[in-house]
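Hydrogens, waters and symmetry mates play no part in the numbers below; they use all other heavy atoms, side chains included.
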Amino acid sequence: MVERVLLIDDDEINLMLCEMVLAQNAFAQKIIKLHDGQQGIDFYQDHATQGPAEPVPNLILLDLNMPIMNGWDFLDEFSAHYLTQFPKTRVVILSSSIDPLDVARAGQYPFVIEFLNKPLTDQAVHQLTMNQQLKQMLP
């Protein structure tokens with residue numbers, strides 16, 4: 001079980017579905033939900049400057065297509081400004097995109113460990129638990 005997961009997605013229904021699937025698979029102790037990439041950057045900015053009141057999530061499930069700040073912009077900002085402070089953070093792209101160029105682009109970020117298609121399913125959660133980088137995060 002992962003201690004904390006951060007979900008970043010602009011679709012409230014998808015957030016609820018992800019939370020439900022993660023809970024029924026006993027995947028995470030705590031789930032934090034945000035609605036766009038800018039909220040994600042603000043979250044890490046707050047933890048970087050004020051110090052975390054509680055540990056930051058080591059796993060982010062990230063949508064790509066969002067208003068305000070999309071997933072690609074989040075990855076660029078996180079990589080440039082916060083990855084050194086939070087080096088154990090890993091990202092799973094959770095997107096409706098089936099474009100092979102998106103999968104290839106995601107592979108350019110060494111902290112992105114999976115690219116999954118929406119909606120999140122029990123099978124996808126099982127696939128995550130088999131991911132070697134994720135296994136290293138588990139107690």
_Walk me through whether F27 and V21 qualify under side chain to side chain contact (heavy atoms under 4.5 Å, CB included)._
CA-CA 9 Å; F27 185 81; V21 171; over 6 Å; no
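- Under the side-chain hydrogen bond (donor to acceptor under 3.5 Å, both in side chains) criterion, D73 pairs with no residue, sequence neighbours left out.
- Interatomic distance, CD1 of I8 versus CG of D36, reported as 8.5 Å (0.5 Å rounding).
- Remark: the E3 side chain and the N58 side chain contain no N/O donor-acceptor pair separated by less than 3.5 Å.
- The two residues A106 and V112 make their nearest non-hydrogen contact at O-CB, 3.6 Å.
- Between M69 and Q39, every side-chain heavy-atom pair lies at or beyond the 4.5 Å cut-off.
- Looking only at atom types and distance, the side chain of Q85 has no donor-acceptor partner in the side chain of H47 under 3.5 Å away.
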_Working note: L22 + V5, criterion side chain to side chain contact (heavy atoms under 4.5 Å, CB included); need CA distance, chi angles, decisive distance, verdict._
CA-CA 9 Å; L22 293 174; V5 173; 4.2 Å; yes
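- The backbone N or O of M66 lies less than 3.5 Å from no partner atom in the side chain of N70, so there is not a single donor-acceptor pair.
- Residue V103 is grouped with residue V91 when hydrophobic side chains (ILVMFWY) are merged at heavy-atom distances under 4.5 angstrom, including chains of intermediate members.
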*Step by step, work out the side chain to side chain contact (heavy atoms under 4.5 Å, CB included) result for L6 and Y44.*
CA-CA 11 Å; L6 178 61; Y44 281 95; 3.7 Å; yes
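- Note that CD of E77 is 5.5 Å distant from CD1 of I41, once rounded to the nearest 0.5 Å.
- Across all their heavy atoms, T89 and P57 have their closest contact at OG1-O, 3.9 Å.
- Closest of all the heavy-atom pairs between L94 and C18 is CD2-SG, 3.4 Å.
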*Could you go through the side-chain hydrogen bond (donor to acceptor under 3.5 Å, both in side chains) check for E12 and H35 one step at a time?*
CA-CA 8 Å; E12 191 64 40; H35 295 94; 2.7 Å; yes
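- No side-chain N or O of D63 forms a donor-acceptor pair with one of N14 less than 3.5 Å apart.
- Counting only distance, with no hydrogens or angles, the side chain of S79 and the backbone of D76 share no donor-acceptor pair below 3.5 Å.
- A distance of 10.0 Å separates CG of L59 from CZ of R90, quoted to the nearest 0.5 Å.
- Checked against the 6.0 Å centroid threshold, F111 and F78 count as a close aromatic pair.
- Under the rule for a side chain to side chain contact (heavy atoms under 4.5 Å, CB included), the partners of E114 that lie at least two apart in sequence or sit in another chain are V92, L116, Q127, L128, N131.
- Across G71 and L62, no two heavy atoms sit closer than the pair O-CD2, 3.7 Å.
- For the atom pair L34 CG and L7 CG, the distance stands at 8.5 Å (nearest 0.5 Å).
- Residues L15 and K33 share a closest heavy-atom pair of CB-CD, 3.9 Å.
- Side-chain atoms of D11 come within 3.5 Å of backbone atoms of I13 as a donor-acceptor pair (strictly under, hydrogens ignored).
- Q24 CD: more than 12 foreign heavy atoms inside a 6.0 Å radius.
- Tracing side-chain contacts under 4.5 Å through hydrophobic residues (I, L, V, M, F, W, Y), one reaches M20 starting from V125; they form part of the same cluster.
- Atoms CG and CD1, from L61 and I93 in turn, are 9.0 Å apart once rounded to the nearest 0.5 Å.
- Residues that satisfy the side chain to side chain contact (heavy atoms under 4.5 Å, CB included) test with D102, not counting sequence neighbours, are L64, W72, S97, D99, F115.
- Interatomic distance, OH of Y109 versus CG of L83, reported as 11.5 Å (0.5 Å rounding).
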